[in-house]
Amino acid sequence: MKKPRWVIEKEQGRRASAAETMWLFGLHAVRDALENPRRDKLRLIVTRNAADKLAPAIAAAGMTPEIADPRRFTAPLDPGSVHQGAALEVRPLDWGALAQVCLGDGVRAPRVVLLDRVSDPHNVGAILRSAEVFGARAVIAPRHHSAPETGALAKTASGALERQPYLRVRNLADAITELQGMGYTVLGLAGEAETGIEAALEGRRDRPVALVLGAEGPGLRPRTRETVDRLVRIDHAGAFGSLNVSNAAAIALYAARV
């Protein structure tokens, strides 16, 4: 029996992910990755000074680093990367299935963030930090037209990439529908919405909530707008432009706190 196309594409995606590697850089990002037992670590390049600073983490990871001359750092990084003498080749993390990751812990109602084609790694890194601070179960983005795991994202996330689940899904609308099936109320952030986020959550804070944010400029795509339960806005005083998406995510997570 011939496999359905979606099954073939899913298997191809898994194989590609398994073969894909990336370079993390910077003392903080490299240290957190070295100390993360879930992270598959392949190659570590450090200067002598960085090796001394990272010595406990290197020992915990059981890695033998390659010592590089700080004047000719040999890791294949972009010339502008602020590596601080440390670079680590790794494979992307596998957090598991959405249904498993987004289950509540039985203590408080879960919160989830979904990103609709937010492609700037610095914005996504900042959102991961906010998601960790406010206890979100996951940050979810489509596999295409969104920021993949990269060294720049990891550095901006300041360690959150190693602890905060970042799920890449095939179709964002399908992910929203799956969350709705799990009992989530899914709210899409849109500046022109009539209802504020806090008003929309009145009497619902004890329920699972997912917040969907779009890229700066385009905002939420039509399909996303049609799929969410409700469009909401962040209330503000006076006239102003629009918030950076990472700032909007932080404010929305605070507004949706349990």
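Just so it is clear, the structure is predicted and the values come from calculations on it, not from any experiment.
- With hydrophobic clusters built from ILVMFWY side chains whose heavy atoms lie under 4.5 angstrom apart, Val245 shares a cluster with Val232.
- Under a hydrophobic-cluster definition in which Ile, Leu, Val, Met, Phe, Trp and Tyr are linked whenever side-chain heavy atoms come within less than 4.5 Å, directly or via other members, Leu161 and Val169 are assigned to different clusters.
- Of all heavy-atom pairs between Ala86 and Leu27, the closest is CB-CD2, 4.1 Å.
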Do Leu93 and Asn36 pass the side chain to side chain contact (heavy atoms under 4.5 Å, CB included) test, and can you show the C-alpha distance, the side-chain angles, and the key distance before you say yes or no?
CA-CA 10 Å; Leu93 288 164; Asn36 183 2; 3.8 Å; yes
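- A pairwise comparison of heavy atoms in Ile45 and Ala68 identifies CG2-CB, 3.8 Å as the closest pair.
- Of the charged side-chain nitrogens involved, none lies within less than 4.0 Å of a carboxylate oxygen, so that Arg168 and Glu20 do not count as a salt-bridged pair.
- No donor-acceptor pair closer than 3.5 Å links the side chain of Arg257 to the backbone N or O of Phe134.
- Hydrophobic clustering places Ile176 together with Leu98 (ILVMFWY residues linked when any side-chain heavy atoms are closer than 4.5 Å, directly or through intermediates).
- Between Ala210 and Leu114 the shortest heavy-atom distance is CB-CD1, 3.6 Å.
- A distance-only check finds a donor-acceptor pair linking the side chain of Tyr184 to the backbone of Cys102 [under 3.5 Å].
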Quick one: do Trp95 and Gln100 satisfy side chain to side chain contact (heavy atoms under 4.5 Å, CB included)? Show the steps, please.
CA-CA 9 Å; Trp95 290 101; Gln100 179 182 7; over 6 Å; no
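- Ser246 and Asn244 share a side-chain donor-acceptor pair at under 3.5 Å.
- Heavy atoms only, all atoms of each residue included: Val139 and Ala131 are closest at CG2-CB, 3.6 Å.
- Rounding to the nearest 0.5 angstrom, the gap separating the CZ atom in Arg143 from the CZ atom in Arg170 is 8.0 Å.
- Between the side chain of Glu132 and the backbone N or O of Ala157 there is no donor-acceptor pair closer than 3.5 Å.
- Residues Val212 and Val118 do not share a hydrophobic cluster, defined by chaining ILVMFWY side chains whose heavy atoms lie under 4.5 Å apart.
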With side chain to side chain contact (heavy atoms under 4.5 Å, CB included) as the criterion, how do His145 and Arg221 come out once you've worked through the C-alpha distance, each side chain's angles and the decisive distance to 0.1 Å?
CA-CA 12 Å; His145 306 291; Arg221 288 175 293 163; over 6 Å; no
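- Remark: side-chain polar atoms of Glu66 are not paired, donor with acceptor, to backbone N or O of Arg43 under 3.5 angstrom.
- Leu179 and Tyr166 are not part of a single hydrophobic cluster, where members link through side-chain heavy atoms under 4.5 Å apart.
- Here the closest non-hydrogen pair linking Arg225 and Leu220 is NE-O, 3.3 Å.
- Side-chain atoms of Arg38 come within 3.5 Å of backbone atoms of Asp94 as a donor-acceptor pair (strictly under, hydrogens ignored).
- Nearest heavy atom pair, residue Asp229 against residue Gln180, reads OD1-NE2, 3.2 Å.
- A distance-only check finds no donor-acceptor pair linking the side chain of Asn123 to the backbone of Ala126 [under 3.5 Å].
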Can Glu198 and Arg205 be said to form a side chain to side chain contact (heavy atoms under 4.5 Å, CB included), step by step?
CA-CA 9 Å; Glu198 292 183 317; Arg205 293 185 180 274; 4.0 Å; yes
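- With respect to Asp206 and Arg204, no salt bridge is recorded, no charged nitrogen being found less than 4.0 Å from a carboxylate O.
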